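Structure first, commentary second.
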Amino acid sequence: MSLQLLLLVSALGLASGAVVDLVDCKYTSDAGKVFDLSALISTSPYGYSWNQTVWDTTDNLLSNTDFAASVHLGFQLQFCRNVSTLLYPTYCKTAAPASPVYVINFGARTCVAHGSLESATIELNPYNDGVYLDYYNGDAVDHITRREARVYFTCDTTSTITGPTFEHLKNSYQGHFSVTTKYAC
């Protein structure tokens, strides 16, 4: 996403009354509801890190889900901050040097950055059950497209935090993650 487009998106958000504060990790909706996600910022220099086996649905074919198509991935994710320390620096030699989201493919021995803190925003979830954090402008996919990440924070009044969990990859470049938390209520 270009800087001009990001400024336009930010201006439209401010014109509508919504306020995004990435420094304090807060979002205020048009109606004045404040979502304070600052308690979810990890104190670990690795951010939230976990490994997960996912199905390779190359070319978006959902029928491509046999056992041989599974891929073992590692994730490092931080909210409203960059990951400070890479767990697998030898895999991440070509990834962006500073990012809030890294996806490591252990089989391919590669790592990619899925977004930039400088190109981020917070919005209401489509079903009004929380907010999502969008990171744009990650590592290049091709000469036009760059990787992105979207983290959905869904309301759960009984949980400080459950997750994060990797859900899927949309259009081969936008990673979707989910978190349930009382801070999204």
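Keep in mind the model is a prediction, meaning the values are calculated, not measured. For the single chain, residues carry numbers from 1 onward in sequence order.
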Hey, does Lys182 have a side-chain heavy atom less than 4.5 Å from the side chain of Thr160?
-> yes
Show your working on side-chain contact (heavy atoms from CB on, under 4.5 Å) between Tyr27 and Val19 and close with a plain yes or no.
-> CA-CA 6 Å; Tyr27 174 80; Val19 178; over 6 Å; no
Any side-chain heavy atom of Glu123 sitting closer than 4.5 Å to one from Asp134?
-> no
Sorted by chain and residue number, the salt bridge (Lys or Arg N to Asp or Glu O under 4.0 Å) partners of Asp139 (sequence neighbours excluded) come out as none
Is Leu133 reachable from Val101 through a run of hydrophobic residues whose side-chain heavy atoms are each under 4.5 Å from the next?
-> yes
Inter-residue atom distance Ile122.CD1 - Ser29.OG, 0.5 Å rounding = 12.5 Å
Pi-cation contact, Tyr132 with Arg150 (under 6.0 Å, within 45°) | yes
Candidate pair His72 and Asn51, rule side-chain contact (heavy atoms from CB on, under 4.5 Å), full reasoning = CA-CA 7 Å; His72 189 62; Asn51 297 337; 3.8 Å; yes
For Ile41 and Gln78, what are the C-alpha separation, side-chain angles and deciding distance, and is it a side-chain contact (heavy atoms from CB on, under 4.5 Å)?
-> CA-CA 7 Å; Ile41 297 171; Gln78 183 59 284; 3.7 Å; yes
dist Thr43:OG1 -> Arg81:CZ (nearest 0.5 Å) comes out at 12.0 Å
ILVMFWY network linking Tyr102 to Trp50, side-chain heavy atoms under 4.5 angstrom = no
Cationic tip of Lys93 above Tyr91 ring, under 6.0 Å, 45° of axis | no
Side-chain donor/acceptor of Thr28 to backbone N/O of Ala18, under 3.5 Å = no
Is the Phe79 ring parallel, tilted or perpendicular to the Tyr48 ring (thresholds 30°, 60°)?
-> tilted
Give the intermediate values and the outcome of side-chain contact (heavy atoms from CB on, under 4.5 Å) for residues Val71 and Asn105.
-> CA-CA 7 Å; Val71 179; Asn105 183 324; 3.8 Å; yes
Have Ser159 and Thr162 got a donor and an acceptor in their side chains that come within less than 3.5 Å?
-> yes
For Ser99 and Gly115 the tightest heavy-atom approach is OG-O, 2.7 Å
Enumerate the residue pairs fulfilling disulfide bond (SG atoms under 2.5 Å apart) with a member in residues 145-185, sequence neighbours excluded, ordered by first and then second residue.
-> Cys155-Cys185
What closest approach, in Å, do Tyr135 and Cys80 show between heavy atoms, and which atom pair accounts for it?
-> OH-N, 2.9 Å
Same cluster (ILVMFWY, side-chain, under 4.5 Å), Val83 and Leu40 = no
Are Leu77 and Ile104 in one and the same hydrophobic cluster, where Ile, Leu, Val, Met, Phe, Trp and Tyr link if side-chain heavy atoms are under 4.5 Å apart?
-> no
Keeping the roles fixed (side chain from Asp24, backbone from Lys26), state whether a donor-acceptor pair exists under 3.5 Å.
-> no
Under 3.5 Å: donor-acceptor pair, side chain of Arg146, backbone of Gly138 | yes
Hey, is the main chain of Ala149 close enough, under 3.5 Å, to the side chain of Gln174 for a donor-acceptor pair?
-> no
Hydrophobic cluster membership, Phe153 vs Leu117, 4.5 Å side-chain cutoff = yes
When rounded to the nearest 0.5 angstrom, what is the spacing between CD in Glu148 and CG in Leu169?
-> 10.5 Å
Report yes if some heavy atom in the side chain of Leu87 is under 4.5 Å from a heavy atom in the side chain of Thr85; otherwise report no.
-> no
Which distance, rounded to the nearest 0.5 Å, do you find between the CG of Asn137 and the OG of Ser116?
-> 5.5 Å
How would you list all residue pairs meeting disulfide bond (SG atoms under 2.5 Å apart) that involve residues 89-125, not counting sequence neighbours?
-> Cys92-Cys111
So, do Tyr88 and Phe106 have ring centers that fall under 6.0 Å from each other?
-> yes
Are any side-chain N or O atoms of Asp142 and backbone N or O atoms of Ile144, one a donor and one an acceptor, separated by less than 3.5 Å?
-> yes
In terms of side-chain heavy atoms, does Tyr173 have a donor or acceptor partner in Arg147 at a distance below 3.5 Å?
-> no
Tested for ring pair (Phe, Tyr, Trp, His ring centres under 6.0 Å) against His176, the lone hit among Phe166, Phe75, Tyr152 is Tyr152
d(Thr180 OG1, Asp129 CG) to nearest 0.5 Å is 11.0 Å
